[in-house]
Undergrad: 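Mind looking over this structure? Questions follow.
Here the structure is a predicted model, which means the values were calculated and not measured.
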Amino acid sequence: MTVAPDPSSVASDLQWVREESPTWDADKVRVIGGAPEGAFVLPFSDGEQLPGDWFSARDAGGAVVGYGRLDTTWGGDAEILLAVDPGHQEAGVGSFVLERLEAEAAARDINYIHNRIRDHAQRDVVHDWLVVRGFRGPVDGDLRKRVGAGGRRPRPEARPASSAASGTPDGRGPGHEEQGGYVDVEEHQY
């Protein structure tokens with residue numbers, strides 16, 4: 001029987017380290033390779049340069065116990081990857097990595113972070129873990145979480161009574177939105 005480390009002691013001792021020139025190495029093979037079969041498809045060979053920004057979570061002794069990757073995609077969003085060494089799961093390392101990835105994304109004015117969970121034995125568990133932490137999306141699709149604007153959209157301003165009566169903020173009638181009229185793209189985000 002394996003006993004997971006006490007979460008309060010492990011997570012408080014972690015260090016967040018940015019990799020300046022990330023390459024596929026033995027630590028990534030150990031940590032990412034320890035995930036359930038099919039969870040990741042990373043076809044890299046030893047020493048190969050990796051895309052995106054990579055970070056490691058290290059314990060007090062400097063050993064890598066988790067990884068996070070932030071890969072900026074189109075539209076001001078970023079795909080994330082996170083993996084935790086199997087011997088350190090359920091000890092707060094995943095939460096530590098996710099919190100740091102969210103902070104990195106927010107500091108870069110990234111709107112959303114997203115992750116697609118591949119089909120594997122722990123898929124539902126990983127989905128639920130992300131949902132509890134504010135992600136939205138189906139188990140078989142892209143899960144997204146807004147990190148820009150403090151993770152919340154600002155509330156829309158109330159319309160003046162005169163524009164509410166006409167149906168639109170500028171007095172145009174129904175149907176005008178089909179021609180690219182008054183639709184506010186900020187109101188139509190995920």
Side-chain angles (χ1 to χ4, degrees), residues 7-8 10-24 27-28 31-32 34-36 39-42 44 49-59 64-85 88-120 122-158 183-190:
S8 60
V10 173
S12 65
D13 292 338
L14 295 177
Q15 301 169 26
W16 185 241
V17 180
R18 182 177 196 277
E19 295 188 13
E20 293 303 321
S21 296
T23 58
W24 191 251
D27 281 331
K28 289 181 186 72
V31 173
I32 297 170
F40 299 108
V41 174
L42 299 168
F44 302 109
Q49 288 289 126
L50 299 176
D53 293 315
W54 285 77
F55 305 87
S56 59
R58 297 175 181 263
D59 67 14
V64 175
V65 295
Y67 279 105
R69 182 191 77 180
L70 190 65
D71 193 9
T72 305
T73 57
W74 60 270
D77 295 345
E79 180 180 16
I80 62 165
L81 170 146
L82 63 102
V84 176
D85 181 281
H88 289 83
Q89 292 179 356
E90 298 185 29
V93 176
S95 294
F96 174 86
V97 170
L98 182 58
E99 288 169 8
R100 296 313 179 282
L101 287 173
E102 290 175 6
E104 293 283 346
R108 299 175 190 194
D109 290 329
I110 289 173
N111 294 321
Y112 291 89
I113 54 174
H114 59 95
N115 183 277
R116 180 173 295 271
I117 305 169
R118 299 182 51 79
D119 191 14
H120 62 85
Q122 298 286 318
R123 184 181 202 177
D124 290 338
V125 173
V126 172
H127 174 269
D128 293 350
W129 185 85
L130 288 168
V131 166
V132 165
R133 285 155 181 82
F135 283 78
R136 298 291 174 255
V139 72
D140 60 349
D142 222 18
L143 283 105
R144 301 174 66 81
K145 180 176 182 179
R146 185 169 174 102
V147 293
R152 298 179 303 272
R153 284 189 327 172
R155 289 184 171 221
E157 294 181 23
V183 175
D184 180 2
V185 294
E186 288 298 313
E187 286 299 306
H188 292 39
Q189 295 181 5
Y190 286 99

Undergrad: Please report the closest heavy-atom contact between Tyr67 and Ser56, naming both atoms and the distance.
TA: CE2-CB, 3.8 Å
Undergrad: For Val64, is there any backbone N or O sitting under 3.5 Å from a side-chain donor or acceptor partner on His88?
TA: no
Undergrad: Considering only NZ, NE, NH1 and NH2 on the basic side and carboxylate oxygens on the acidic side, decide whether Arg100 and Glu104 come within less than 4.0 Å.
TA: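 The answer is no: the pair does not qualify as a salt bridge.
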Undergrad: Salt bridge check, Arg133 against Glu99: does any charged N sit closer than 4.0 Å to a carboxylate O?
TA: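 Not counted as a salt bridge, because no side-chain N and carboxylate O are separated by less than 4.0 Å.
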Undergrad: Using the side chain to side chain contact (heavy atoms under 4.5 Å, CB included) rule, take Val97 and Phe55 through it: C-alpha gap first, then chi angles, then the decisive distance, then the call.
TA: CA-CA 9 Å; Val97 170; Phe55 305 87; over 6 Å; no
Undergrad: Determine whether a donor-acceptor pair (N or O, by modelled atom type, separation under 3.5 Å) exists between the side chain of Asn115 and the backbone of Ile80.
TA: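 At least one qualifying donor-acceptor pair exists.
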Undergrad: Given salt bridge (Lys or Arg N to Asp or Glu O under 4.0 Å), test Glu79 with Arg116 step by step and report yes or no.
TA: CA-CA 8 Å; Glu79 180 180 16; Arg116 180 173 295 271; over 6 Å; no
Undergrad: Determine whether Asp85 and Val93 make a side-chain contact, defined as any pair of heavy atoms from C-beta on separated by less than 4.5 Å.
TA: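 Heavy-atom side-chain distance check fails, nothing below 4.5 Å.
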Undergrad: Going by the angle between their ring planes, with limits at 30° and 60°, are Phe44 and Trp24 parallel, tilted or perpendicular?
TA: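 Plane angle between 30° and 60°, so tilted.
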Undergrad: I'd like to know if the side chain of Arg136 reaches the main chain of Val131, judged simply by a donor and an acceptor atom lying under 3.5 Å from each other, with no hydrogens or angles considered.
TA: yes
Undergrad: For the residue pair Lys28 and Thr23, what are the closest heavy atoms and their distance?
TA: NZ-O, 2.9 Å
Undergrad: Could you give me the CA-CA distance, side-chain angles and deciding distance for Asp142 and Tyr112, then say whether side chain to side chain contact (heavy atoms under 4.5 Å, CB included) is met?
TA: CA-CA 11 Å; Asp142 222 18; Tyr112 291 89; over 6 Å; no
Undergrad: Have a look at Leu130 and tell me which of Val126, Val132, Asp128 forms a side chain to side chain contact (heavy atoms under 4.5 Å, CB included) with it.
TA: Val126
Undergrad: Apply side chain to side chain contact (heavy atoms under 4.5 Å, CB included) to the pair Phe96 and Val65, showing each step before the final yes or no.
TA: CA-CA 11 Å; Phe96 174 86; Val65 295; over 6 Å; no
